[in-house]
Amino acid sequence: MTQTQGSLVRQITDYAHRADPYPLYAELRKTPVAHDEEGPYIVSTYWEIHGLLHDPRLSSDARNLDPRAVLEPVDEDEGLPPSFLKLDPPEHDRLRRLTMAPFGPPHTPRRLHTMRGELTRIVGELIDGFEGRDRIDLVDHFSFPFPVTVICRLLGVPREDEARFHTWAGTLTTGLDPDPDADAAERQRTARQARTELATYLSELIEERRRAPGDDMLSAMVAGQGPGEGMSRMELLSTAALLLVAGHETTVNLITNGMLTLLRNPDVLVRLREDHHLVVPLVEELLRFDPPVQMLPQRTPLSEIDIAGVTIPRGAPVWLLLASGNRDPQRFPDPDRFDPQRKDNQHLGFGSGVHSCFGAPLARLEAQIALTELARRLIRPRLLEDPPAYRRNAVLRGPRQLPLAYEGLAPDGSR
């Protein structure tokens with residue numbers, strides 16, 4: 001691979017919306033840590049990525065980046081502190097602990113279990129909406145509205161306001177994807193307006209939950225878990241906004257990529273229809289085979305790090321190509337084969353270490369229920385476009401639309 005100045009970044013971002021970026025990743029793995037003259041250090045092999053994800057010297061805080069090495073401005077919401085995804089311990093640990101407390105063990109160990117029925121009802125209602133049609137766009141009609149609705153229910157957003165959240169989430173999601181044909185200034189204005197409206201709404205909802213708490217995640221975050229442990233108002237706003245965007249964005253892509261993979265592997269689709277227990281290892285293999293988050297950009301060492309014979313200097317930008325590590329033959333036998341019963345599948349689909357995806361249990365459950373019900377209820381589904389057009393996003397991988405045709409719906413036996 002010829003490595004002219006900036007060529008690696010251009011190749012990776014160019015391949016982001018291609019049907020198959022994995023040949024490029026295979027080429028990159030020949031040099032575990034690659035570097036252009038002025039570009040980031042790009043790490044593409046499993047064990048090196050895994051090691052860095054567990055290395056406390058690698059920072060997630062953009063404020064530690066050397067300003068001279070930053071490729072583009074760091075995008076932060078105006079007036080809001082960084083979310084804990086972009087912080088290091090101990091600040092990261094405090095905010096993550098407070099967010100996790102109402103989300104699962106040890107404080108609320110049964111929250112996800114009790115949500116299973118609600119998730120199944122939402123999926124059933126969305127699929128019921130396909131009745132009378134013979135084709136749909138899976139993204140618009142299912143993959144997008146499902147996790148946004150789930151996040152609204154989890155946070156305690158009133159049902160009558162859920163449509164507003166769908167609009168804000170759609171605007172913010174669109175703003176994440178580069179579009180060379182769009183007016184950049186207008187896109188920024190629209191995204192900024194959506195963030196402002198969302199922050200205003202959440203601020204009012206936070207105050208309402210402070211006066212009259214309910215049995216929802218936002219009320220629990222407002223209350224905190226002990227004296228002096230609560231979040232500030234600005235931290236609450238930042239965390240709630242993070243839950244909306246990050247809490248649904250990966251799941252949209254996971255479900256869409258998953259259905260695309262199943263339709264390309266019809267034997268597996270039939271097996272899932274006949275044996276619902278297959279869905280658990282199947283979702284893990286989807287997270288390895290075509291993960292919704294392709295890479296983690298803008299990490300930086302707090303001090304020099306030597307890895308794979310390369311010294312990465314303090315403050316330099318580092319990109320961790322999770323999707324490439326998931327296809328590393330040094331870690332996974334026959335890595336380009338989709339095998340839903342793969343053994344020892346310790347993939348990087350949700351990252352690893354202190355920044356591993358805290359919403360992973362919910363995303364897994366959503367994908368398991370969604371793919372099981374789609375496989376069971378869609379009669380003879382088929383792709384209308386293969387390959388589909390992909391989002392122009394180097395970090396978040398998924399089709400912009402996934403047009404499907406089918407011959408009918410099986411009844412919903414879950415209700």
Side-chain angles (χ1 to χ4, degrees), residues 1-37 39-50 52-53 71 177-178 180 250 253-254 256-266 268 282 284-297 307-310 317-340 342 345-351 383 385-402:
M1 180 184 304
T2 302
Q3 295 185 11
T4 58
Q5 181 176 331
S7 65
L8 289 177
V9 170
R10 284 198 299 270
Q11 287 183 71
I12 291 170
T13 54
D14 179 58
Y15 269 75
H17 61 279
R18 302 247 181 140
D20 185 6
Y22 294 100
L24 172 63
Y25 298 160
E27 187 71 17
L28 287 171
R29 284 194 298 272
K30 295 177 181 178
T31 306
V33 181
H35 177 54
D36 285 327
E37 183 179 347
Y41 287 79
I42 296 172
V43 187
S44 56
T45 47
Y46 180 91
W47 291 114
E48 282 68 29
I49 294 171
H50 188 273
L52 287 171
L53 287 171
L71 299 175
D177 296 343
T250 53
N253 292 335
L254 176 57
T256 307
N257 292 345
M259 197 60 188
L260 174 61
T261 302
L262 286 174
L263 291 168
R264 288 172 170 171
N265 294 269
V268 179
L282 183 146
E284 298 309 305
E285 176 68 347
L286 288 170
L287 285 161
R288 184 201 69 83
F289 184 75
D290 198 15
V293 177
Q294 293 277 288
M295 69 173 178
L296 301 177
I307 185 166
V310 175
V318 177
W319 290 9
L320 306 179
L321 295 187
L322 304 180
S324 175
N326 279 345
R327 297 283 188 107
D328 189 343
Q330 298 299 316
R331 177 60 181 83
F332 299 101
D334 197 7
D336 294 323
R337 181 170 64 91
F338 177 67
D339 179 7
R342 184 178 293 274
N345 195 355
Q346 300 297 315
H347 57 76
L348 301 170
F350 285 128
L383 293 169
E385 183 181 343
D386 192 15
Y390 277 81
R391 303 175 54 176
R392 300 183 68 92
N393 192 311
V395 175
L396 303 169
R397 174 170 169 79
R400 291 201 304 266
Q401 285 88 35
L402 190 66

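- Taking the side chain as every heavy atom from C-beta outward, P291 and N326 approach each other to under 4.5 Å.
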Would L53 and L296 satisfy side-chain contact (heavy atoms from CB on, under 4.5 Å), going step by step from the backbone distance to the final call? CA-CA 10 Å; L53 287 171; L296 301 177; 3.8 Å; yes
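- Under the 4.5 Å side-chain criterion, counting only non-hydrogen atoms from C-beta, L28 is not in contact with T45.
- In this view, D290 and Y22, R397 satisfy the side chain to side chain donor-acceptor pair (under 3.5 Å) rule, not counting sequence neighbours.
- Residues satisfying the side-chain contact (heavy atoms from CB on, under 4.5 Å) test with A389, not counting sequence neighbours, are E385, R400.
- Counting heavy atoms from C-beta outward, L348 and L320 have side chains that stay 4.5 Å or more apart.
- Note: Y41 and H35 have parallel aromatic rings, judged against thresholds of 30 and 60 degrees for the angle between ring planes.
- Residues L262 and L282 have side chains in contact (heavy-atom distance under 4.5 Å, counting atoms from C-beta outward).
- Residues passing the side-chain contact (heavy atoms from CB on, under 4.5 Å) test with A308, sequence neighbours excluded: P32, V33, E48.
- Listed by chain and residue number, F338 satisfy the ring pair (Phe, Tyr, Trp, His ring centres under 6.0 Å) test with F289 (two or more places apart in sequence, or in another chain).
- Between P340 and L286 the shortest side-chain heavy-atom distance does not fall below 4.5 Å.
- With sequence neighbours excluded, the residues satisfying side-chain contact (heavy atoms from CB on, under 4.5 Å) with P23 are D20.
- Looking at residues two or more places apart in sequence or on another chain, you find no ring pair (Phe, Tyr, Trp, His ring centres under 6.0 Å) involving H347.
- Here the OH-CG distance, from Y46 to L322, works out to 10.5 Å after rounding to the nearest 0.5 Å.
- With sequence neighbours excluded, the residues forming a salt bridge (Lys or Arg N to Asp or Glu O under 4.0 Å) with D339 are R337, listed by chain and number.
- When the side chain to side chain donor-acceptor pair (under 3.5 Å) test is applied to D336, the partners found at least two apart in sequence or on another chain are R327.
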side-chain contact (heavy atoms from CB on, under 4.5 Å) for N253 and R391? Distances and angles first, verdict last. CA-CA 10 Å; N253 292 335; R391 303 175 54 176; 3.4 Å; yes
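- With values rounded to the nearest 0.5 angstrom, L52 atom CG is found 13.5 Å from W47 atom CH2.
- Nearest heavy atoms, D36 versus S7: OD2-N, 3.1 Å.
- Listed for the N265 side chain is no donor-acceptor partner under 3.5 Å among the backbone atoms of V268.
- Not one N or O on the side chain of R331 forms a donor-acceptor pair closer than 3.5 Å with the backbone of G325.
- Side chains of P297 and V395 form a contact here, defined as non-hydrogen atoms less than 4.5 Å apart.
- Legend: residues meeting salt bridge (Lys or Arg N to Asp or Glu O under 4.0 Å) with E285, ordered by chain and number and at least two apart, are R288, R342.
- When all heavy atoms of R29 and P329 are compared, the closest pair comes out as NE-CD, 3.8 Å.
- Side-chain atoms of I49 and S44, non-hydrogen and from C-beta on, never get closer than 4.5 Å to each other.
- Residues that satisfy the side chain to side chain donor-acceptor pair (under 3.5 Å) test with D386, not counting sequence neighbours, are R264.
- Taking both residues in full, the closest heavy atoms of P40 and V9 are given as CD-CG2, 3.3 Å, listed atom of the first, atom of the second, then distance.
- Rounded to the nearest 0.5 angstrom, Q294 CD and W319 CH2 are separated by 12.5 Å.
- Separation of atoms CG (L383) and CG (L263) is listed at 4.5 Å; rounding is to 0.5 Å.
- Side-chain contact between Y25 and D328: absent, with no pair of heavy atoms (C-beta onward) separated by less than 4.5 Å.
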